[in-house]
Amino acid sequence: MGSELKDLNSKPAKTQQPDPNDEDASAKDDRPLLESTASSAAEDIQELEKKFAAFVRNDVYGSLGCGKLPLKEKLLLGIALVTLLPLRLLLVMSILVLYYLICKIFTLCSAPNLEEEQEDYAHLGGCRRAVILQSGRYLSRLLLFMVGFYWINETHKDSTNTQDNSKTESIKQSEERVRPGAIVSNHLSYLDVLYHMSSSFPSFVAKKSVSKLPLVGLIGKCLGCVFVQRESKSSDFKGVAGIVTDRVRNAHQNELAPMMLLFPEGTTTNGDFLLPFKTGAFLAGAPVMPVILRYSYRRFSPAWESISGVRHVVFLLCQFVNNLEVTRLPIYHPSQQEKDNPKLYANNVRKLMAAEGDLIVSDIGLAEKRIYLAALNGNNRLPSVLHQKND
């Protein structure tokens, strides 16, 4: 593209100078330029969406949630903005404050666990832990109900349908009783965490800044979250990887320890694709439970992709019904070869999830997602971005 522009600049074309008083001539001269520019931008966007299909919004709201809406959708959105949105916001905040108060009361006079430079209350036992856990699961499901997830379709796959296993029945039964060290799930939205909280109340990795947020910070500590300074370029990541590995191993061996919820893709997609897996969930060599999430929709997709957080929350709360489909696969027990090679372990679990969830395997990741979002936020950069990716 650069060489073509250079050739064009080196050979200036002779053009007829229009009469400044001739309005018709001026209009005829400008129209082809405007049409070709608009056509070129549309072609660039289409090419961009092919390259980064895993991050493209395919709902009526379009990329960045700024698509041109049909009249019916505008009317529905307008009605929901003045009725459904304020009601749901009030209910969501009420549930959040209620659970915060429960966590606050049942962690009084209890010192947080400060091991490994973390701070959490997951070590609490007895009735205090039971109340925090059970109320957390119940209120998470209630919160999902309040935002439109009135029913969640869950499918449990049989091991005989997902793995070619020649073991005896007694060995199968003994493996089924083994507790997984982690739940590995595809990642589409912040709503994923709410579902998993309502299902198994696991701990997960979160930004360190989350631990200091009002309300949410204490709840994250009660979950036993591993807080990470993601902006840091230091070797702290190795320490975090070690903490996660220890937590996964401990959850596998100790029934009282919270399981880890890990999203091995490292970022969100639109739900039709599965990105390459990172090895963090598989370093311990412990069994994992694969879970596949899919948000079906007609108007607005609950997948948090190429749209701002505020805009996503508003559109989500303005949609009367939201749907979530969950496929829970059997506990995956790694072979000795997979235990010795975490990358092989991760790739095999990824292949299984892609096959069972009818997901498209994609080789792009967070770096490509940043390029795509940068291009969407500045159409003038589209040609250079596309040229860079082609090279």
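Atom set for the values below is all heavy atoms of this structure, side chains included, hydrogens, waters and symmetry mates excluded.
Gln319 contributes no side-chain N or O that, together with a main-chain N or O of Leu316, makes up a donor-acceptor pair within less than 3.5 Å. Using a distance-only test at 3.5 Å, with no hydrogens or angles considered, no donor-acceptor pair links the side chain of Glu154 to the main chain of Val326. In this structure a side-chain-to-backbone donor-acceptor pair under 3.5 Å is missing from Arg249 to Gly181. Not a single donor-acceptor pair under 3.5 Å links the side chain of Asn254 to the backbone N or O of Asn250. Formation of a donor-acceptor pair under 3.5 Å by the Glu368 side chain with backbone atoms of Gly365 is found in this model. In terms of modelled atom types and a separation under 3.5 Å, the side chain of Arg57 and the main chain of Ala303 share a donor-acceptor contact. Between the side chain of Ser335 and the backbone N or O of Glu338, at least one donor-acceptor pair lies under 3.5 Å. In this structure, Arg129 contributes its side chain and Leu256 its backbone to no donor-acceptor pair below 3.5 Å.
Rounding to the nearest 0.5 Å gives a distance of 6.0 Å between CG of Leu218 and OH of Tyr100. Taking CG from Leu261 and OH from Tyr195, the interatomic distance works out to 11.0 Å, rounded to the nearest 0.5 Å. Distance check: Leu142 CG to Phe149 CZ gives 14.0 Å after rounding to the nearest 0.5 Å. Separation of atoms CD1 (Ile292) and OG (Ser185) is listed at 8.5 Å; rounding is to 0.5 Å.
When every heavy atom of Ile95 is checked against every heavy atom of Met146, the shortest pair comes out as CD1-CG, 3.8 Å. Residues Gly220 and Phe227 come closest through the heavy atom pair C-CZ, 4.0 Å. In terms of heavy atoms, Ile364 sits closest to Pro276 at O-CD, 3.2 Å. Here the shortest heavy-atom pairing between Ser189 and Thr268 reads N-CG2, 4.0 Å. For the pair Tyr121 and Ala111, the tightest heavy-atom approach, listed with the atom from each and the gap, is CE2-C, 4.1 Å. The two residues Phe273 and Ser362 come nearest to each other via the heavy atoms CD2-CB, 4.0 Å.
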Worksheet item: Are Leu91 and Leu143 close enough, and set up right, to give a side-chain contact (heavy atoms from CB on, under 4.5 Å), and what steps lead you there?
Response: CA-CA 8 Å; Leu91 292 172; Leu143 197 152; over 6 Å; no
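Side-chain contact check for Tyr372 versus Ser306: some heavy-atom pair is nearer than 4.5 Å. In this structure, Ser203 and Met259 have side chains that are not in contact, with every pair of non-hydrogen atoms separated by 4.5 Å or more. The shortest side-chain heavy-atom distance between Pro287 and His252 falls under the 4.5 Å cut-off. Between Ile331 and His333, some side-chain heavy-atom pair lies under the 4.5 Å cut-off. Contact annotation: the side chain of Leu64 never approaches that of Ile307 to less than 4.5 Å [non-hydrogen atoms, C-beta and beyond]. Between Val147 and Leu194 the shortest side-chain heavy-atom distance does not fall below 4.5 Å. Using a 4.5 Å cut-off on side-chain heavy atoms (C-beta onward), Phe204 and Val226 make no contact.
When the shell of 6.0 Å around CZ of Phe320 is examined, it contains 12 or fewer heavy atoms from other residues, nucleotides or ligands.
If you chain together hydrophobic residues whose side chains sit under 4.5 Å apart, Met289 and Leu133 fall into the same group. Placement of Leu48 and Leu366 in two distinct hydrophobic clusters is found when ILVMFWY residues are connected by side-chain heavy-atom separations under 4.5 Å, directly or transitively. Cluster membership check: Val288 does not share its hydrophobic cluster with Leu344, using side-chain heavy-atom separations under 4.5 Å among Ile, Leu, Val, Met, Phe, Trp and Tyr. If you chain together hydrophobic residues whose side chains sit under 4.5 Å apart, Ile79 and Leu84 never meet in one group. Grouping the Ile, Leu, Val, Met, Phe, Trp and Tyr side chains by contacts below 4.5 angstrom, directly or via other members, places Leu144 apart from Tyr297.
Between the side chains of Glu325 and Tyr295, no donor N or O sits under 3.5 Å from an acceptor N or O. Judged by distance alone, the side chains of Arg328 and Ser199 do bring a donor and an acceptor atom under 3.5 Å apart. A donor atom on one side chain and an acceptor atom on the other are not found under 3.5 Å apart for Glu265 and Asn186. Donor-acceptor pairing under 3.5 Å is lacking for the side chains of Asn341 and Gln337.
Close placement of the Tyr345 and Tyr332 rings is indicated, their centers lying within 6.0 Å of each other. Taking the centre of each ring, His196 and Phe201 stay at or above the 6.0 Å mark.
Using the six-membered ring where Trp is involved, Trp304 and His312 have ring planes that are tilted, between 30° and 60° apart. Under the 30°/60° scheme for interplanar angles, the aromatic rings of Tyr150 and Phe145 are found to stand perpendicular. Aromatic ring orientation, Phe300 versus Tyr61: perpendicular (interplanar angle above 60°, classes split at 30° and 60°).
Screening Asp358, Asp272, Asp192 against Arg294 for a salt bridge (charged side-chain N to carboxylate O under 4.0 Å, His left out) leaves a single residue, Asp272.
Salt bridge annotation for Lys369-Glu305: present, with a cationic side-chain nitrogen under 4.0 angstrom from a carboxylate oxygen.
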